[in-house]
Every structure is written in C-alpha cells, then in structure tokens.
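Predicted, not measured: the structure shown is a model, and the values here were computed from it. Indexing begins at 1, ligand by ligand and atom by atom, following the structure's order.
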Amino acid sequence: MKTLFSGIKPSGDLHLGNYIGAISQWTALQEKYKCLFCVVDYHAITVKQDPKALRKSILDIARVYLAAGINPKKAIIFQQSDVSEHTELGWILNTITKVAELEKMTQYKDKARDEKKEGPGAGLLNYPTLMAADILLYHTDVVPVGHDQMQHLELTRLLTKRFNTNYGTTFTVPETIVRKEGARIMALDNPAKKMSKSSQSPNSYIALLDEPMVAHKKIKRAVTDSDNKIKYDPDKKAAISNLLAIYSALSNKSVKELEILYEDKSYGEFKEDLANLVANFLTEFQARYKKYSDKEVKKILNKGAKEAKAMAEKTMKLVKKNLGVN
Ligand code: ATP
Ligand code: LTN
C-alpha cells in the first residue's frame, strides 16, 4: 500500500475551504492508502499563539478529522510535536536549502507582510523545510492539499531530489493531489480572495462550527455575478463558480450536473438550495464533532504518535547513516 501524509495547523477555527480543499478528500483516500493525518502544531507557532488556545486547538483539529470521517483504526492521527524526528529532519533539510528558495515562497511573503512591525521570524522562513520533513519522514507517496500548498510541495520535491543526489537514495519523491474543483474556495464577499480563517470579515467565510442558521444567511448574502446564469467559469464568473464548487463538493453532484439542474433557475433559488445544503451539512458535522470527548481524542493522538514515531525512527536511522553522522 502506498503512503499518504497531510496536515493542518492548529491556529484557529477551520472553515469550509479547509474542509473542501483538504479534509474532504482524505476520507475517501484512507481506503486506498496507508494514511497519516497530522496536527502540525510546530507549524502553528511560526506565528504567535496563545498557549491555552493552542492546547485547545490541537484537540479541536483532531476532532474535526474524526468528525469528517477519518477512521483511527485505518489512519494514523497524531500531533507533530509528539514525534521529535520532525524537527530533527527539518534541521537537516535546512542545511541543503537555499535562503533564496525560502524567500521566494508566496505564503512566506504574505505572512511576512503581516509582521511589518517586528519583521518575520526565522521560523516563518523555515516553515517549508519542516513541512518537507513531515512528508519525507514517512516515505510519503502522495500529499493531498489545497491549491495554496502546491508551491511548498514543489520545493519538497526539489529538496528530496537534492538530498538523494548528495547522499544517495534515501527518500521517496512525493506526488501532490489537488482536487479539480474546490482546491481554492474563495471568500463569499470577495471571490478574488481565498476563503481564509485570518480574514477580518466573518461574512467572508463559513466556519465549520458556525451556527447552521448563521451559515445559511452568509450563503444568501454571498456576492454573485452580474448576469443571472448558473455557469461554471472561474475567470469570468468567479462568484457563482465558487458557489458551484461548494455545492458540488457537499452534494457529490458534479458541476456539470448542477449546471443542467439549474439551467432555468435564478440565483435566488440556487442560493436558497445551497444555503440549506450547507446548513444541513453543518448540523450533521457538528453532531459528530460533539461526540468525541477530550479524553477520547487524546487517546487517539497518543496511539497515533506511537505508530508514527516507530516509522520516523526507522527513517532517521537511514538518514543519519547516509549523512555520515553515525
Ligand atoms: P490561513 O488563512 O491562516 O492562511 P488557512 O485557512 O489557509 O490558514 P491552513 O491550515 O493553512 O489554513 O490550511 C489547511 C489546508 O486547507 C491546506 O491543505 C490548504 O491548502 C487548505 N485550504 C486552506 N484554505 C483553502 C481554501 N480557501 N480553499 C481550498 N483549500 C484551502
Ligand atoms: N503547510 C500546510 C500544513 C502542513 C502540511 C504538511 C500539509 C504542514 N505540513 C505536510 C501537507 C503535508 C498548510 O499551511 N496548510
């Protein structure tokens, strides 16, 4: 069986973009791959976190994984900081990475801009080498992520090849999996910007823990395009294409099917149906979410950490041998 790795930072409430772009793919993939789903807490601290909020967020992200349908009997769910090999390999990968390669990353440039006053931290710059370490430690074959992570994955592939060239074949070169529609869910109030939990305007995103009726209103208020046609065309009709992508992901109907279904319907009717779909999805999701107690989540994370650690230790033995440090 091939190996799959993915992760999300515990740095605030997850939204529908995270669910559709990343997590919703995972549940189907866990049948086909040996999966590791990580709560990447050492990535979260690349920007300032409140320790109390972070502790809660780590459990909440794992709870989202479970509520989304990740089965801890099939997949390994664990917390990054429980497996110290991640930071150890991250350091090693830093030594083969150029500063210029890190400075080029769009996410770094965006986040660095947010830290105008004191300037970006070194952790923010080195974020992608830790991400590469996450992936390489498990000889990962595939990494499902949203569109915004593709550049990091390209760098990971480059570093993998560089390490293998310098020190002999050690790591598998990972492939990226990005879903066709919905890899980039856009803000509801501005389809030129991606849906993001760091947005200032709560109307721009739907949090997975939003009250279903609040989410219903947000969809009804979402901006649309000027004509009244329900057609998928992300370049010319960004707003309606975004709503179609959300509809398709939550209903398992293809965008084509939806276009036919709504051929003679108005934006109003379309948005009312989508609003109900989203509200129902959230009601069911939140019911599953509430079922997992902190105690249960911690137990699952501990078991996952043991399994991941055993795999990571094995890889580090090979890495150290090939590097010449033991
Ligand atoms: P922030 O808004 O603080 O930058 P984020 O919402 O992008 O954070 P991450 O933890 O960086 O959240 O992302 C988790 C996963 O969700 C990643 O795989 C990412 O690609 C995906 N993702 C994030 N936002 C979207 C989006 N708008 N559409 C589709 N996928 C997304
Ligand atoms: N950088 C990713 C989170 C992340 C990740 C990973 C994703 C950290 N390590 C390994 C896939 C594989 C993000 O910001 N969403």
Side-chain angles (χ1 to χ4, degrees), residues 3-26 29 35-49 57-58 60-61 64-65 68 78-81 83 86-87 89-90 93 105-114 123-124 126-138 140-157 174-188 190-201 204-208 234 238 241-242 245-246 249 308:
T3 302
L4 178 152
F5 186 101
S6 201
I8 292 186
K9 288 176 297 213
S11 55
D13 292 339
L14 292 188
H15 53 72
L16 215 49
N18 300 128
Y19 178 79
I20 295 173
I23 309 163
S24 73
Q25 301 190 74
W26 299 358
L29 293 167
C35 290
L36 295 111
F37 298 116
C38 189
V39 181
V40 288
D41 48 358
Y42 278 166
H43 277 107
I45 60 164
T46 54
V47 298
K48 198 155 186 274
Q49 303 291 338
S57 191
I58 291 166
D60 286 348
I61 298 285
V64 166
Y65 291 179
F78 75 109
Q79 182 180 340
Q80 187 185 32
S81 62
V83 181
H86 286 251
T87 39
L89 181 59
L93 294 176
M105 295 291 114
T106 314
Q107 183 172 306
Y108 169 70
K109 288 195 268 186
D110 287 349
K111 303 260 166 183
R113 221 173 288 131
D114 298 339
L124 213 47
N126 292 315
Y127 181 113
T129 51
L130 180 59
M131 178 161 166
D134 297 342
I135 296 165
L136 298 188
L137 261 184
Y138 303 98
T140 301
D141 297 288
V142 295
V143 185
V145 281
H147 187 270
D148 61 337
Q149 294 301 312
M150 284 174 75
Q151 196 186 27
H152 286 158
L153 259 301
E154 270 319 302
L155 181 62
T156 300
R157 288 163 56 82
E175 301 290 333
T176 313
I177 303 184
V178 179
R179 61 185 301 160
K180 229 168 76 217
E181 286 134 5
R184 208 169 137 76
I185 297 296
M186 310 310 281
L188 297 175
N190 178 2
K193 278 184 15 201
K194 79 160 194 165
M195 186 178 281
S196 161
K197 61 189 162 220
S198 13
S199 164
Q200 297 302 324
S201 133
S204 74
Y205 66 91
I206 291 177
L208 290 175
S241 300
N242 188 41
I246 295 174

Less than 4.0 Å between a side-chain N and a carboxylate O, is that true for Arg113 and Asp110?
yes
Will you find, in the side chains of Asp148 and Gln107, an N or O donor that is under 3.5 Å from an N or O acceptor?
no
How far is [atom] from its nearest protein heavy atom, and which residue and atom is that?
{"atom": "atom 27 (N) of ligand 1", "value": "Ile185 O, 2.7 Å"}
{"atom": "atom 11 (O) of ligand 1", "value": "Lys9 NZ, 3.2 Å"}
{"atom": "atom 4 (O) of ligand 1", "value": "Lys111 NZ, 3.0 Å"}
{"atom": "atom 30 (N) of ligand 1", "value": "Gly17 O, 3.2 Å"}
{"atom": "atom 9 (P) of ligand 1", "value": "Lys197 NZ, 3.9 Å"}
{"atom": "atom 23 (C) of ligand 1", "value": "Asn18 ND2, 3.2 Å"}
{"atom": "atom 2 (O) of ligand 1", "value": "Ser196 OG, 2.5 Å"}
{"atom": "atom 10 (C) of ligand 2", "value": "Phe5 CE2, 3.5 Å"}
{"atom": "atom 7 (O) of ligand 1", "value": "Lys194 NZ, 2.6 Å"}

Please list, chain by chain and in numerical order, all residues satisfying ring-ring contact (aromatic ring centres under 6.0 Å, His included) with His86, sequence neighbours excluded.
Phe78, Tyr138
Any donor and acceptor pair, going by atom type alone, linking the side chain of Ser199 with main-chain N or O of Ser196 inside 3.5 Å?
no
Sub-4.0 Å atoms of ligand 2 with respect to non-hydrogen atoms of [X]:
{"X": "Val40", "answer": "8 (C), 9 (N)"}
{"X": "Ser6", "answer": "11 (C), 12 (C)"}
{"X": "Lys9", "answer": "14 (O)"}

Enclosure of Tyr108 OH (heavy-atom neighbours >12, cutoff 6.0 Å)
yes
Checking heavy atoms under 4.0 Å, the part of Leu130 that sits near ligand 2 is neither
Below 4.0 Å, non-hydrogen atoms only: which portion of Val145 touches ligand 2? Side chain, backbone, both or neither.
side chain
Only heavy atoms of [X], strictly under 4.0 Å: list the atoms of ligand 1 that pass.
{"X": "Ala22", "result": "15 (C), 16 (O), 18 (O)"}
{"X": "Met195", "result": "24 (N), 26 (C), 27 (N)"}
{"X": "Gly21", "result": "29 (C), 30 (N)"}

I'd like to know if Val143 contacts ligand 2, where contact means a heavy-atom distance under 4.0 Å to any ligand atom.
yes
